[in-house]
Amino acid sequence: MRFSLCLTSNQVPSPLMALGSCSLMWFRKGLRIHDNPALEYAAKSSDFVYPVFVIDPHYMKPDPNAFSPGSSLAGLNRIRFLIESLVDLDSNLKKLGSRLLVLKGEPGEILIRCLEQWNVKKLCFEYDTEPYYQAIDVRVKDYACSAGIEVFSPVSHTLFNPADIIQKNGGKPPLSYQSFLKVAGQPSWASSPLSTSLSSLPPVGAYGNCEISEVPSVKELGYEDNGQDELTPFRGGESEALKRLRDSLSDGEWVANFEKPKGDPSAFLKPATTVLSPYLKFGCLSSRYFYQCLQDLYKNVKKHTSPPVSLAGQLLWRDFFYTMAFGTPNFDQMKGNRICKQIPWNSNEELLAAWREARTGYPWIDAIMVQLQKWGWMHHLARHCVACFLTRGDLFVHWEKGRDVFGRLLIDSDWAINNGNWLWLSCSSFFYQYNRIYSPISFGKKYDPNGKFVRHFLPILKDMPKEYIYEPWTAPLNIQAKAKCIVGKDYPRPVVLHDSASKECKRRLAEAYALNKELNGLVSEEDLHSLRRKLEEDQNHDIKAKRQRQKLIG
DNA sequence: CTCGTGTTGGCAAG
DNA sequence: CTTGCCAACACGAG
């Protein structure tokens, strides 16, 4: 376990010190009691513990200009999930004789003010590898060190410490999952049981004139009841996370035989996966505890699946992306990203909006996008389908645009994993077989030939016969009329033709790959610009040639 | 340099 | 339900 310790004890003794030693536990992710080393350390030999959560306006303040209800960064479903998680955390802290102190403002600034006012001796918080927190944490740590406050910042959000893996691999993160597994080995903590219970916590100290509040409601944060008919069915919080974990683990056979690629993306009444990702994202569930439970279960069965497809393999994917993201400058963009292929994506706002607003005209794609808006969660393969469609499969829109939409609307959206998967799906990194394109028609049909998933999330198509539900534009007009869904009026026509669009995408990627190879990855903005022009010229030439051919035939 | 491998494509044939 | 083919890539081990 890594932590930084600063004991430059030049602090002037204050009269308050006689009251006993105080610790501050700063919650950000890690919204849990179980397996929380920072909380445990804060509680150890302290007379008072201040459990603090700072409401960051950057993340929580309503933004009326955003394309969906929520803040500028997070949709309402995820904000609600976070609030529920905080309410649960507060209630669990109360059971231990403590409570959650909620403050509002820029987190670094607020934290420093708390440290100043409360005579804190130990500052404890879970280490966070995201750039946003890295910047805040440097500032807070600097202050704490200069004030002689001990800082304890353990890595407990992931199975491994990304920095350890990078070091073991010679300074660079392992670029493939298999090499990651080899370098990572077994987690250091896995040999002994994790500490998962706390019997009590020291009381909260006096907090003077700091503005403390209870966990606010979504309404108190300034969000109107938007009257949306269907909200996410997933409730936030550690209690819910542990319940869901126990439910999943209770079917040992299911866990032992779990194979990620074999799940049914159209299952929504009973999803084909655990739906523990949002709880892992906020740390309501410890990934280490989950991993340990899985190892215990595997020990007691005859045979079980293995990484990458097993359930434990999914946690390792999470660590893989965390490590890649931590060790790759500009991981969240194409420019200046060492591992990202430079591709002349377009920034067609109309195509992007059609995708985002579930009106591409492909019911399978649109239904998934509605599920994203309403639930903030979709099956992994459903995410693949829409991400592929937006980028390398059909629309050739920049993956960063899709990343932003997912980043906002998913309740489990996680900076490292979201960016990693968009790099993957767009064939920008990790995965390069751009000929393998998910069909927006046949992929969904394979799992759900009757279109139950489409009918649920796109009720306008609920009476469309199953023969046409994945391609309603092919239905004869009388059938469209009978189904009360005229394509072009009640439901949009396809924004592109999949056959020709996907062929064009493949051609563009082939050209872009060749350019990346030729320039050894050092593709400048001008290079991309001229490639874009060349591709357009070729396309126009193709179209003209086709017209000529048609003229000759006609 | 070659060769094997890579979490999850689509399609047709057997 | 399984197999082979499509057309083809990057990466890393040797």
Side-chain angles (χ1 to χ4, degrees), chain A residues 169-170 172-184 257-267 271-274 277 304-321 323-324 328 337-343 362 364-365 368 378-394 417 420-449 470-471 497-523:
Chain A
N169 196 49
K172 276 184 183 169
L175 202 53
S176 77
Y177 184 76
Q178 294 304 331
S179 57
F180 171 85
L181 291 185
K182 247 184 239 163
V183 174
N257 294 322
F258 184 90
E259 278 183 74
K260 187 65 167 276
K262 291 203 173 156
D264 176 357
S266 71
T273 54
T274 61
S277 53
H304 61 83
T305 52
S306 299
V309 298
S310 65
L311 221 36
Q314 306 314 301
L315 289 171
L316 290 156
W317 275 109
R318 180 172 176 272
D319 264 58
F320 168 67
F321 283 126
T323 306
M324 280 309 308
T328 310
N337 183 344
R338 177 169 60 79
I339 64 163
C340 182
K341 288 250 176 295
Q342 304 299 304
I343 295 166
Y362 288 92
W364 172 243
I365 299 298
I368 295 167
M378 314 92 96
H379 184 273
H380 185 68
L381 287 178
R383 299 178 193 206
H384 278 214
C385 287
V386 296
C388 178
F389 186 86
L390 179 71
T391 56
R392 68 181 169 87
D394 291 84
I417 299 166
N421 276 310
W422 277 95
L423 284 163
W424 186 294
L425 258 298
S426 64
C427 279
S428 296
S429 197
F430 308 116
F431 174 82
Y432 307 96
Q433 283 181 266
Y434 54 76
N435 285 301
R436 296 188 182 173
I437 292 173
Y438 292 90
S439 162
I441 297 154
S442 52
F443 192 83
K445 203 188 276 177
K446 181 167 69 183
Y447 295 93
D448 182 12
Y470 289 95
E471 300 162 274
L497 292 174
H498 174 65
D499 276 354
S500 51
S502 59
K503 271 202 191 101
E504 175 63 16
C505 285
K506 283 188 248 186
R507 192 179 69 87
R508 288 171 179 230
L509 275 163
E511 296 263 8
Y513 269 39
L515 184 66
N516 276 266
K517 200 170 180 177
E518 185 195 328
L519 301 177
N520 204 13
L522 298 168
V523 181

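Quick note on labels: first sequence line is chain A, next is B, and so on, each numbered from 1.
- Between A:Gln178 and B:dT7 there is a side-chain polar atom (N or O) within less than 4.0 angstrom of OP1 or OP2.
- Both distances falling under 3.5 Å, in either a Watson-Crick or a G-U wobble arrangement, place C:dA13 opposite B:dT2.
- Atom NZ of A:Lys262 has 12 or fewer neighbouring heavy atoms from other residues, nucleotides or ligands inside a 6.0 Å radius.
- Set against B:dT7, B:dG10, C:dC9, the side chain of A:Ser439 has B:dG10 as its closest nucleotide.
- Distances from the side chain of A:Gln314 to the nucleotides C:dA10, B:dG9, B:dT7 place B:dT7 closest.
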Quiz item: Would A:Arg508 and A:Glu511 satisfy salt bridge (charged side-chain N to carboxylate O under 4.0 Å, His left out), going step by step from the backbone distance to the final call?
Solution: CA-CA 5 Å; A:Arg508 288 171 179 230; A:Glu511 296 263 8; over 6 Å; no
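- The CD1 atom of A:Ile437 sits 10 Å away from the C1' atom of B:dG10 (whole-angstrom rounding).
- Rounded to whole Å, atom C1' of C:dA10 lies 13 Å from atom CZ of A:Arg436.
- Rounded to whole Å, atom P of C:dA8 lies 12 Å from atom CG of A:Leu509.
- The partner of C:dA7, taking Watson-Crick or G-U wobble pairs whose two distances both stay under 3.5 Å, does not exist in any strand shown.
- Picking from B:dT7, B:dG10, C:dA8 the nucleotide with the shortest atom distance to the side chain of A:Tyr434 gives C:dA8.
- Contact annotation for A:Lys506: no contact, since no heavy-atom pair falls under 4.0 Å across all strands.
- Other residues, nucleotides and ligands place more than 12 heavy atoms under 6.0 Å from the CG atom of A:Leu519.
- Contact annotation: A:Tyr432 side-chain N/O to C:dA8 OP1/OP2 distance is not under 4.0 Å.
- Residue A:Lys445 is classed as having no contact, given no heavy-atom separation below 4.0 Å to the nucleic acid.
- Taking the P atoms as reference points, B:dA13 lies 15 Å from C:dA7, given to the whole Å.
- The residue A:Ser176 sits apart from the nucleic acid: no heavy atom pair falls under 4.0 Å.
- Following rounding to the nearest Å, A:Arg507 (CZ) and C:dC9 (P) show an atom-to-atom distance of 15 Å.
- Per the stacking criterion (ring centres < 5.5 Å, plane angle < 30°), A:Tyr513 does not stack onto the base of C:dC9.
- Between A:Leu315 atom CG and B:dT7 atom P the separation is 17 Å, expressed in whole Å.
- Rounded to whole Å, the separation between the P atoms of C:dA13 and B:dT7 comes to 14 Å.
- Regarding A:Lys446, its NZ atom lies at a distance of 14 Å from the P atom of B:dA12, rounded to whole Å.
- We find that CG of A:Leu175 is positioned 9 Å from C1' of C:dA10, with the value rounded to whole Å.
- Spacing between atom CH2 of A:Trp424 and atom C1' of C:dA10 amounts to 12 Å, rounded to whole angstrom units.
- The ring pair (Phe, Tyr, Trp, His ring centres under 6.0 Å) test applied to A:Phe180 returns A:Phe320, not counting sequence neighbours.
- For A:His498 and A:Tyr362, the side-chain atoms include no donor-acceptor pair closer than 3.5 Å.
- Partner A:Asn421 forms a side chain to side chain contact (heavy atoms under 4.5 Å, CB included) with one of A:Phe321, A:Trp317, A:Phe431, A:Phe430 and no other, that one being A:Phe321.
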